[in-house]
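Just the heavy atoms: all of them, side chains too, but no hydrogens, waters or symmetry mates, feed the values below. Each residue takes its place number in the sequence, starting with 1. As the structure lists them, so they are numbered: ligands from 1, and atoms in each ligand from 1.
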Amino acid sequence: MRSRSKQLLLFLWLLLIFVSSAKWKFKSSNHTKYFVESEFCKMPYVDPFSQEVMSSFRTRKLKVCHHDRDLITPEFDSKTKLYRLHIHKELVKGLKANITLRCFYQKITRNDKNLWPDDSYSLSDHRSLTHHLVLPKDVQFLTTSCSIVNKTEESKAIQRDGFAFVQDLFTPKQLEENFKIMNRTDEPKPSVIIMGLDSTSRMNFRRSMPKVSKYVDQEGWFEMQGYNKVGDNTLPNLLAVLAGTSTDRAQKHCNLRNRGCMDKINFIWKRFKKEGYTTAFAEDCENISTFNFNLAGFVYRPVDYYLRPFLYAAEATLKLTSYLTGAYCVGRHLSFKYVWDFGQQFIQRFLNEAPIFGLLWSNSFTHNYMTGATSLDDTFKEYLDNFEKLGLFNRSVVIFMSDHGDRYNSLRSKSSGFLEERLPMIFIYVPPWFRTKYPQYVESLKNNRNRLSSNYDLHMTLQHLLQLNTDSMAGFDPDLQAIKCKTCQSLFFELPVNRTCAEAGVDEKWCTCHPPENINDPKLINEIGEAIVDRLNKHFREKNITDICQTLKLGRIRKAYRKIILATASKPTDPDEHIYTLEFWAIPRGLFEATVRWNKRTKKLTMNVEELSRLNNYENDSRCIKDAKVKKYCICNESVTTSSKSP
Ligand SMILES: *[C@@H]1O[C@H](CO)[C@@H](O)[C@H](O)[C@H]1NC(C)=O
Ligand SMILES: *[C@@H]1O[C@H](CO)[C@@H](O)[C@H](O)[C@H]1NC(C)=O
Ligand SMILES: *[C@@H]1O[C@H](CO)[C@@H](O)[C@H](O)[C@H]1NC(C)=O
Ligand SMILES: *[C@@H]1O[C@H](CO)[C@@H](O)[C@H](O)[C@H]1NC(C)=O
Ligand SMILES: *[C@@H]1O[C@H](CO)[C@@H](O)[C@H](O)[C@H]1NC(C)=O
Ligand SMILES: *[C@@H]1O[C@H](CO)[C@@H](O)[C@H](O)[C@H]1NC(C)=O
Ligand SMILES: *[C@@H]1O[C@H](CO)[C@@H](O)[C@H](O)[C@H]1NC(C)=O
Ligand SMILES: *[C@@H]1O[C@H](CO)[C@@H](O)[C@H](O)[C@H]1NC(C)=O
Ligand SMILES: *[C@@H]1O[C@H](CO)[C@@H](O)[C@H](O)[C@H]1NC(C)=O
Ligand SMILES: *[C@@H]1O[C@H](CO)[C@@H](O)[C@H](O)[C@H]1NC(C)=O
């Protein structure tokens, strides 16, 4: 009897599940879900686990960089605030009185004498490394090497390694200053850590990193589901967040490929520094780093703790293993780990000693493969757990984000590719004291989760963290307003419900608010396509690059639609003019996406060539040209062979 009623219960329970899921399916097929749904913005919700994407989605196992044990391990002595290095001789077999282990190290420094200090480094002479060696405080970065020595000879190095340390250099006076800022209760200055994984849409984050996903669904975290990117690749999207500006705007004063230009940009870390913060920045994969890829990088060290000189030297001198995105293993460790270990030390060292601002950015797993992040889930979760143990989440504001989604790999070619590309993940964490002291800001964050927001709003939020008692946008010094978006605002204030892309500083090209409307007029589509390609070729002539870049012809048009512009103010005034998005192949090569205005009466095309997106990898097509923008659409003569053609 008992078991029968159990069975009955089970049956009823299953029936309930079946009915409710069927009901949900029925409902969801009728009602489209949106990340943002307002009169003027309908940003579609994308199911991360759609059949279309999941059918080609595989998880990857983490590939480790070494199987041998560490001959050298560092230890931080919190009393003396010095690092010590231990040598584990016992791991080496066959050592005797006359067969010994000999280790040395070389200090790595940024080479400030070089014209391009970001792309250079200095190595000291070999210095003897003895057991329990206490490192001098001026040694922040080093490589080590150990070999076996007998009477007559020294063997080749049996283990080489690299270490980056966050040396505590505070003077007592500086510490006192730090404490003064940290103990202010009237207007607290929280520590701020920005953690970034490159090229990760909020959908791909959900499907790739279930453990981290669960972590950021905890109390205190807010997912900005209406966050829309403002530029093509990493640089414009991070410039908007970190400096409130665009690449074009920043280039008004100087060319970012010229020495010293990057140093002139008003990065937010400069203001944090001015307000008494200790600052850090670390990023992996030196040759595609945000401020260095086809750019000049920094002449002056931009922050207090800057990892680049170390990773640059390590990539140049240790064994490199390429996997996923270029530099995967640097010597015996993941390039990823150098960044997050550095971040962890920075947090551990200073969380209780100074207000800190840190930017940790990682390309190595996620830049090129939609499945790269799957092998990172456990590792990243471990770092979050470590940060939690260190107390990071007790007092700091943490932003976990990306710059954009997949721009030209397999995800981009799915039907949701347009949205995958434009909707990066972003989570904002505020600690318990903040939630108690500023309930109105928390209320705004909650409401803003499903409002249209952008990088420029995040920039204003960072500004706000330095003046938390400012209770409206009117309270900000006009000089602090994002240059490229005067209507952008801190996310701690409620965003307007009816916000338009223009008001969020998002150009039509990137705007995900406007539903697509199919056009069943092949002639019209073709006409627009031809006009776009003509414009491209004209651009080549104007730039005087016709001798190195192929003249293009229109190939197959993969997708074309008209955008339904929802706000009257953003609509073209001429009823014959509309905004179209076309995805097309060019001949001889190249898959492109253009968002343009086209007037079907006057045949007038309005388009910004530099805004064109390239939807397939162009690394091999564009080696003849340096300019990052031109690379996107120049098919170098030399790269064209008869063997590869566009479909
Ligand atoms: C769902 O959509 C169908 C077709 O669009 C329509 O006929 C039906 O009435 C809708 N059902 C509800 C509950 O809205
Ligand atoms: C090294 O030392 C061992 C004993 O410790 C001895 O047996 C051996 O002969 C020595 N070898 C050389 C080359 O000196
Ligand atoms: C010393 O080491 C070298 C290289 O490791 C080896 O070739 C040589 O035989 C060794 N000599 C002695 C005496 O052990
Ligand atoms: C300020 O805060 C620090 C730690 O955050 C603490 O050690 C110190 O005693 C506090 N008080 C003063 C007056 O600095
Ligand atoms: C960067 O370096 C990696 C590893 O050395 C290499 O595989 C990759 O092709 C390089 N990328 C660029 C854009 O130069
Ligand atoms: C952080 O806060 C929690 C809860 O208040 C507490 O249990 C924990 O000890 C704190 N951690 C640190 C490192 O201060
Ligand atoms: C949004 O716009 C619609 C249409 O113009 C209007 O009816 C509505 O009141 C607006 N909502 C808000 C909160 O302003
Ligand atoms: C165009 O390039 C050619 C060769 O590269 C050069 O001789 C010519 O002066 C350039 N013209 C302009 C207008 O820049
Ligand atoms: C490059 O290709 C274009 C045609 O696309 C041609 O006009 C030009 O002469 C070529 N240049 C060289 C150097 O081969
Ligand atoms: C570029 O060319 C190299 C060498 O031919 C090849 O291994 C690589 O896959 C190519 N990259 C792309 C994105 O096609």
Side-chain angles (χ1 to χ4, degrees), residues 36-42 65 78 119 182 190-191 198-199 218-220 226 233-235 283-295 297 308 311-331 334-336 338 344 347-353 356 363-365 367-369 372 384-396 398 407-408 429-436 444 447-448 450-452 487 494-500 503 513 565-571 614 617-628 631-632:
V36 177
E37 185 176 15
S38 77
E39 206 70 28
F40 296 157
C41 182
K42 305 218 181 294
C65 295
S78 53
D119 293 336
M182 292 171 75
S191 282
D198 203 274
S199 308
Q218 294 179 99
E219 196 181 2
N233 54 8
T234 314
L235 184 73
E283 180 176 8
D284 56 9
C285 299
E286 71 79 14
N287 64 359
I288 56 162
S289 286
T290 307
F291 306 109
N292 302 89
F293 175 63
N294 288 319
L295 299 165
R308 183 171 174 86
L311 266 183
Y312 191 91
E315 285 193 27
T317 59
L318 298 175
K319 183 168 174 271
L320 258 194
T321 312
S322 291
Y323 176 61
L324 298 176
T325 307
Y328 179 79
C329 296
V330 178
L334 295 171
S335 56
F336 176 88
Y338 288 105
Q344 186 169 321
I347 292 164
Q348 184 165 25
R349 213 81 328 130
F350 300 136
L351 194 61
N352 300 315
E353 286 198 359
I356 55 176
N363 301 299
S364 54
F365 278 80
H367 190 274
N368 287 0
Y369 290 91
L384 290 173
D385 289 339
N386 293 347
F387 295 168
E388 180 175 320
K389 277 189 210 116
L390 293 174
L392 180 69
F393 300 107
N394 282 13
R395 56 170 72 180
S396 316
V398 179
R407 292 193 297 129
Y408 47 67
Y429 173 81
V430 289
W433 69 262
F434 185 102
R435 284 175 257 156
T436 308
S444 300
N447 289 324
N448 290 343
N450 294 95
R451 305 263 164 97
L452 174 65
T487 43
E494 194 172 334
L495 291 163
V497 172
N498 279 339
R499 210 173 190 216
T500 62
E503 284 159 352
C513 286
I565 308 297
L566 299 167
T568 348
S570 320
K571 270 185 194 148
R614 181 72 178 266
N617 193 315
Y618 49 93
E619 191 184 342
N620 289 342
D621 295 341
S622 58
R623 295 197 192 276
C624 64
I625 208 122
K626 271 243 150 68
D627 187 295
K631 266 181 183 292
K632 274 195 304 195

Can you sort out which atoms of ligand 6 are near G391, meaning under 4.0 Å from one of its heavy atoms? 12 (C), 13 (C)
Kindly confirm or rule out an N or O of N394 lying under 3.5 angstrom from an N or O of ligand 6. yes
Would you call K389 a ligand 6 contact, heavy-atom distance under 4.0 Å? yes
Between the main-chain N or O of A327 and the side-chain N or O of S335, is there a donor-acceptor pair closer than 3.5 Å? yes
May I ask you to list the atoms of ligand 6 that are less than 4.0 angstrom from any heavy atom of L390? 13 (C)
Within the 4.0 Å heavy-atom cut-off around ligand 5, the contacting residues, ordered by chain and number, are N287, L320, S322, G326, A327, E619
Using the side-chain hydrogen bond (donor to acceptor under 3.5 Å, both in side chains) criterion, which residues pair with R308? Sequence neighbours excluded. D119, E286, S289, N292
For the backbone of V430 and the side chain of R435, can you confirm whether one donor and one acceptor N or O come within less than 3.5 Å of each other? yes
Partners passing disulfide (SG to SG under 2.5 Å) against C41 (at least two apart in sequence or in another chain): C513
Should L351 and L392 count as side-chain neighbours, where that means a heavy-atom distance under 4.5 Å? yes
Sequence-distant partners of K42, salt bridge (Lys or Arg N to Asp or Glu O under 4.0 Å), two or more places apart: none
Determine whether the aromatic ring centres of residues Y328 and F365 are separated by less than 6.0 angstrom. yes
Can any side-chain N or O of K632 pair as donor or acceptor with the backbone N or O of R614 at less than 3.5 Å? no
